[in-house]
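In what follows, a single structure is set out as C-alpha cells and then discussed.
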2 protein chains.
Amino acid sequence: MKQKKVAPAAITIFGAKGDLTKRKLIPALYNLYVDNHLPADFAIFCVDFLAVEAAAYRDYLLEGIDEFSRTGKADRAKWAAFSARISYIQGDFMKTDTFGELKDQIKKFEDKEKVRGVRMFYFAVAPRFIEPIADSLCSHKLCNRDTLDRIVVEKPFGTDLDSARKLNRYLSKRFKEKQIYHIDHYLGKEMVQNIMAFRFANHVFEPLWNNKFIDHIEISVAEEVSVGKRGGYYDSSGALRDMIQNHLFQLLCIIAMDCPKAYEAEAIRDAKVKVLKHIRPFTTDQVFKSVVRAQYTAGSVGGQARPAYREEDQVAKNSTTETFVAAKLLIDSDRWKGVPFFMRTGKNMPRQSSVIMIQFKDSPHKIFKDDIEPNRLIISIQPELEIGLVFEGKEPGLHMKLVPVEMDFTYKNDYAQSLPEAYEALLLDVLEGEATQFMRADQIEWAWKVVTPILDAWKKYPKKQLQFYESGTWGPTAANAILKPYAKEWFHLQHDGTTGTTPAAFDDARSTHLNGDGSATPAPAAKTTAPA
Amino acid sequence: MKQKKVAPAAITIFGAKGDLTKRKLIPALYNLYVDNHLPADFAIFCVDFLAVEAAAYRDYLLEGIDEFSRTGKADRAKWAAFSARISYIQGDFMKTDTFGELKDQIKKFEDKEKVRGVRMFYFAVAPRFIEPIADSLCSHKLCNRDTLDRIVVEKPFGTDLDSARKLNRYLSKRFKEKQIYHIDHYLGKEMVQNIMAFRFANHVFEPLWNNKFIDHIEISVAEEVSVGKRGGYYDSSGALRDMIQNHLFQLLCIIAMDCPKAYEAEAIRDAKVKVLKHIRPFTTDQVFKSVVRAQYTAGSVGGQARPAYREEDQVAKNSTTETFVAAKLLIDSDRWKGVPFFMRTGKNMPRQSSVIMIQFKDSPHKIFKDDIEPNRLIISIQPELEIGLVFEGKEPGLHMKLVPVEMDFTYKNDYAQSLPEAYEALLLDVLEGEATQFMRADQIEWAWKVVTPILDAWKKYPKKQLQFYESGTWGPTAANAILKPYAKEWFHLQHDGTTGTTPAAFDDARSTHLNGDGSATPAPAAKTTAPA
C-alpha cells in the first residue's frame with residue numbers, strides 16, 4: 001500500500017542471454033529506473049554461459065527495450081546511466097567459479113556502497129539449473145541473510161506433484177520460505193490485482209459472490225501464439241502444465257477465495273490455498289467427462305499460415321500433447337457448492353484474450369416476459385482492462401421492452417497514463433520484500449495435486465478422446481459439451497476489443513473431432529481438416 | 001410490452017391555447033404521428049375560450065413544434081397532413097354549448113370513419129375547470145363507454161388531502177376508475193421507466209435493495225427555472241405541493257417499491273401505494289426537525305440576473321411560500337426500516353438535474369486501509385440519462401492503492417436514436433388503454449396524507465425556520481443538517497454532465513439563514529444576501 005524505502009540492491013539474473021531477460025526483465029528494470037522506483041544504489045549482474053563482450057551485451061539488451069518495452073524506444077541518456085550498472089558475467093551455472101566471480105563482484109559493489117543491501121537472484125533458467133544454482137548460492141553464502149536475500153523462481157515449478165514436492169524440499173532446506181519468490185506474472189497484471197480490490201473493498205459485490213446468486217463462472221485464457229521455438233519444452237509439458245496449473249489456477253483462486261483476514265501475504269495465500277484444497281479431486285472417469293484436451297492442426301491466424309502442432313520444430317510427429325484444455329471444476333466449499341468453474345486455454349486461437357465471465361442466476365420471480373438474458377460480470381484482463389456488468393435495461397422507446405445493456409469500467413478510459421507491466425510490479429515487490437503477489441510452496445503443491453490425476457489419466461490413455469482444432473479457431477466444439485446444462489457454448493471472446501453482451505462463442509469454429517487414432521469425425525457443419 | 005392495435009381516436013384537448021398544449025401535447029402528438037404510432041384515423045379537437053382563426057391557430061401550434069419539439073423544426077409536408085386533422089373549437093368550459101359543438105364534431109368524425117373508436121379528453125386546464133368539464137362530458141354522454149373513453153387529468157390533483165378526496169369522489173361518480181388517467185410526466189421519462197427494468201429484471205441488484213445493504217438514499221430534483229409567469233398559481237402552492245407530493249414521491253415509490261406481482265397497472269400501483277402507506281407520519285415537531293423550506297433571493301443563474309421570489313409577478317411581497325424543500329422520510333417496512341430517504345427540490349438552482357443517489361453501507365470487514373469511499377449507485381434521470389456505480393478500484397501503478405472509480409451505463413452512448421419524450425409515451429399509453437405509468441386515485445390521496453401535516457405545520461407557523469437562499473446556489477446550508485449522521489452534505493449535482501464520484505454538494509453555496517422575521521443570520525463563510 002504505502003511505498004516502502006528500498007535498500008541498495010544487488011540484482012543477479014541467471015539466464016542473461018534468455019528471452020525472458022531481454023523481453024521482460026531488463027525492460028521492467030529499466031522502466032522502474034526511469035520512474036525512480038529503484039534504489040539510488042543498485043547493480044545488475046547478468047550471468048550466462050555464452051561468451052559475450054560487455055558492450056555487445058548491452059546493445060543486445062537495448063534492442064530488447066526498444067522492441068519490447070511498453071514505453072517504446074529507450075531514452076539514450078537514461079539508458080547510458082542505467083546500463084552502466086549492468087555487468088555481464090560469463091559462467092557455467094554448474095561450475096563453482098561462476099559463483100566465486102559473482103560473489104566478488106557483488107562484494108565490490110556492496111563495499112563501495114558501504115551498505116549490505118538487498119540481494120535478489122532471479123532464476124531465468126531451464127528447470128534443470130534451479131537446484132545447482134540454489135546449491136551454489138548456499139555454498140558461497142551469497143543468499144544467507146533471510147531478511148535481505150531473495151531468490152525468484154520462474155515456472156515450471158516441477159512437472160507433477162512429486163517433482164514439485166522434491167523441488168520445494170530442496171529449496172526449503174537451503175532458504176527460508178520468505179526468501180523464495182515463486183513468480184507467476186499473471187499475479188502482477190493490473191486487472192488481476194484489481195480483482196482483489198473490486199471484491200473486497202466494495203460491499204455491493206461480495207454479498208452476491210456465492211452459490212446463491214452465481215450460476216457458473218468461465219475463465220478463458222486464449223493465446224494467439226503457437227508453441228513457436230518452445231516445441232522441445234512444450235511437447236513434454238502441454239497446456240495443462242503450462243497454463244492451467246499456474247495462470248488459470250491463480251485466476252481461479254482470486255475469483256473464488258474468501259476475504260483474507262488481512263491484506264498481507266500469509267493471509268492472502270492461506271485463502272488461496274483453501275480454494276485449491278476444496279477442488280473436488282478428479283477420478284479417471286471424471287477426467288474424460290469433464291476435461292477436454294485438443295491439439296491444433298494447420299490453419300491460419302490473423303491471415304498468416306500456421307503449421308500443425310505435429311509439424312512444429314522439436315515436436316514428435318505423433319505427439320499427443322495438448323495445446324488446448326477445457327475443464328470443469330467443482331469447489332466443495334459452503335460458498336461454491338454447486339457452482340461449476342469452467343476453464344479453457346489454447347494456442348493458435350484467433351486472438352489473445354484473458355477474460356473471466358461470471359454468470360448470475362435468474363431472478364426467482366420474473367415480471368417481464370422478455371426477461372431472458374442472464375446478468376453477467378465480465379472481467380477482461382488482457383489485452384483490454386475492463387470490468388463490465390451486463391444487465392437488462394429498457395429499450396428506449398414507447399413500450400417496455402428489455403434489451404441487454406452493459407455498464408463498463410475501463411482502465412484506459414479512466415487513466416491516461418500508461419500502465420506498468422506485470423514484471424515491473426513484481427520485481428519491485430521482490431526488492432521491497434512484499435510477497436503478496438507470489439505463490440507459496442504449498443499453493444504450488446495443491447495446484448499439482450488437482451492436475452496430477454488428469455496427467456495420469458492422459459498418460460495411461462494417451463489417445464483417448466484427444467481432439468483436434470484448426471489453427472485460428474476457438475478450439476474443438478467438444479469443449480462446449482462440458483458446459484451443459486449451464487451454457488450451450490463458451491462466452492465469446494470478441495475480436496473488436498469489447499466484451500460481448502451476448503454469448504456467441506465458437507460461431508466461427510471449424511473444428512475437427514479425432515478419435516485418438518487419427519481418424520477424423522467432422523463436427524456437424526464444420527470444415528474438416530485432417531491433422532498432420 | 002407488445003404494441004397494441006390502436007382503434008380510431010378522437011382526441012380532445014381542453015386548454016387549447018395553454019402552454020402545455022403548445023409546448024408538449026401537440027409536439028408529442030405530432031412526433032407520434034410522424035413515427036406512425038397514431039392510428040390511421042384520428043382527429044384532434046382543441047377547445048378554448050379565445051376566438052382564434054383556424055389557420056392562425058395552426059400556425060401558433062406549428063411555432064410550438066418548431067421551438068419545442070425534440071425533433072426540431074416540423075417537416076412542412078408532414079405538418080400539413082397532420083394539422084389537417086386539427087380543429088379549433090372556441091368555447092367556454094363552463095357553458096353547455098361548447099360541449100354540444102364538440103359532440104357534433106366528434107360524431108361527424110366517427111360517422112365518417114364508421115367506427116366508434118377511442119375518445120380521449122385531455123384536461124390541460126386550471127383546476128377550477130376540472131369539475132365543470134367532467135360534468136359536461138357526462139351530461140353530454142361524451143365519455144360514457146368505459147372501455148373506449150378516457151379522461152386525462154393534469155396535476156395539481158387537489159391542494160391537500162381533503163380537496164384531493166373531494167375531487168376524486170367527484171370524478172369517480174362520473175367515470176370508472178379505469179377511465180381516469182392521472183398524468184405525472186415524470187413517469188413517462190425514459191430513465192424512470194428504466195428503473196423498473198433495472199430493479200426487477202436483474203437479479204444482481206434486488207438482493208442488495210434493502211436496509212441490510214443500503215445506508216441512505218437521496219432524491220434530488222433541481223430546477224434551473226424560476227417561477228416565471230406562474231407566480232399566481234405558485235404562491236398559493238409552493239415546492240412541496242408542486243414537486244414533492246407528485247414528482248419526487250413518484251421517484252420514491254419506484255425506488256422503494258417491492259417487486260409487483262406482475263408487470264401490469266394494478267399490481268404496480270398496489271406496490272407503490274404500499275410505499276406511501278408505510279411512510280412514517282410527520283408530527284409538527286418532526287416537520288421542523290426533518291423538513292427544511294426555503295425561498296430564493298435575488299441572484300444569478302447561468303450569468304443571468306434573477307429577481308428574488310418576493311419580487312416575482314403575482315407573488316406577495318411578504319410571501320412565505322417555499323421554492324425549495326429538503327426533507328427526510330422514513331419508511332417503516334421490513335425492507336426499509338432504518339434507511340432514511342432524503343429528498344430535495346428547488347427553483348433557481350445552478351442547473352436542471354434530477355438524480356437519485358443510493359449509498360451502500362460499508363463492508364463489515366475492511367482489509368484495505370484506504371477503503372473509505374462508500375459504494376454508490378447514481379441514477380441520473382435528466383438531463384443526463386445514466387446509471388453509474390461508484391466503487392473502489394486499484395489505482396493503476398506499482399502499489400495497491402484504492403481510488404473511487406465508476407462503471408457507467410449511458411443511454412445516449414448506447415443508442416444513437418433520439419429518445420421519445422415523456423408525453424409521447426404517456427399519450428400513446430392513454431390511447432392504448434395502458435395505465436401502468438399513471439397514478440391511481442388512492443395513490444394521490446396517500447401522497448397528500450404524507451404531506452398534509454407538513455402543510456399544516458407551516459400554515460400554523462408561517463415564518464418558523466423559513467430559510468432563504470441566493471438564486472443560482474444549491475439551496476440553504478440548513479438543508480445539510482437533516483442529513484446527519486448519514487452525510488455531511490448533499491450529493492453533488494455536477495455542472496459538467498457527469499455524475500460525481502465524490503460528494504461535494506453545496507461547495508458553492510452562498511446561502512443566508514433567515515429567522516422567519518426577515519433578519520438575516522449569515523451562514524459561516526457565506527455571503528449574506530438580504531431577501532427582498
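No experiment lies behind these values; they were computed from the predicted model shown. Lettering follows sequence order; numbering is per chain, from 1.
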Task: Closest heavy-atom pair and its distance - B:P260, A:I367 - done: O-CG2, 3.3 Å
Task: Pair B:N202-A:S363, side-chain contact (heavy atoms from CB on, under 4.5 Å): steps then yes or no - done: CA-CA 7 Å; B:N202 295 294; A:S363 307; over 6 Å; no
Open item on the list: Ignoring hydrogens and geometry beyond distance, is a side-chain donor-acceptor pair present between B:H399 and A:E432 at under 3.5 Å?
Closed with: yes
TODO: Quick one: list whatever passes ring pair (Phe, Tyr, Trp, His ring centres under 6.0 Å) with B:F200, sequence neighbours left out.
DONE: none
Task: Inter-chain contacts: residues 25-35 of chain A against chain B, heavy atoms under 4.5 Å - done: A:L32
Open item on the list: Holding to side chain to side chain contact (heavy atoms under 4.5 Å, CB included), I want the full list of residues that pass it with A:Q193, two or more places apart in sequence or in another chain.
Closed with: A:A425, A:Q437, B:K394, B:M400
- [ ] Please confirm whether the backbone N or O of A:G397 pairs with a side-chain atom of B:E190, one donor and one acceptor, at under 3.5 Å?
- [x] yes
Open item on the list: Can you tell me which of A:E206, A:K361, A:E392, A:E424 forms the most heavy-atom pairs within a distance under 4.5 Å of chain B?
Closed with: A:E392
Open item on the list: Over 60° means perpendicular and under 30° means parallel, so tell me whether B:F368 and A:Y263 are parallel, tilted or perpendicular.
Closed with: tilted
- [ ] Could you look at A:D362 and say if it's the side chain, the backbone, both or neither that has a heavy atom under 4.5 Å from chain B?
- [x] backbone
Task: Residues which pass side chain to side chain contact (heavy atoms under 4.5 Å, CB included) with B:Q359, listed by chain and number, not counting sequence neighbours - done: B:D215, B:H216, B:M357, B:P374, B:R376
Open item on the list: Any non-hydrogen side-chain atom of B:F205 less than 4.5 Å from a side-chain atom of A:L208?
Closed with: no
TODO: Tell me, for A:A201 versus chain B, whether the close heavy atoms (under 4.5 Å) come from the side chain, the backbone, both or neither.
DONE: both
Open item on the list: Once you measure the plane-to-plane angle for B:F213 and A:H203, does it fall in the parallel (<30°), tilted (30-60°) or perpendicular (>60°) bin?
Closed with: tilted
- [ ] Could you tell me whether the side chain of A:H37 reaches within less than 4.5 Å of the side chain of B:L398, counting heavy atoms only?
- [x] yes
Open item on the list: With a 4.5 angstrom heavy-atom cut-off, is it the side chain or the backbone of B:F360 that approaches chain A, or both, or neither?
Closed with: side chain
Open item on the list: Between A:M191 and chain B, with a heavy-atom cut-off of 4.5 Å, which part of the residue counts as in contact: side chain, backbone, both or neither?
Closed with: neither
- [ ] Look at B:K212, B:M196, B:H365 and state which one has the largest set of heavy-atom pairs under 4.5 Å with chain A.
- [x] B:H365
TODO: Kindly give the heavy-atom pair with the smallest separation between A:L389 and B:M407, and that separation in Å.
DONE: CB-SD, 4.1 Å
Open item on the list: Can a donor-acceptor pair be found, under 3.5 Å and without considering hydrogens, that links the side chain of A:N194 to the backbone of B:G393?
Closed with: no
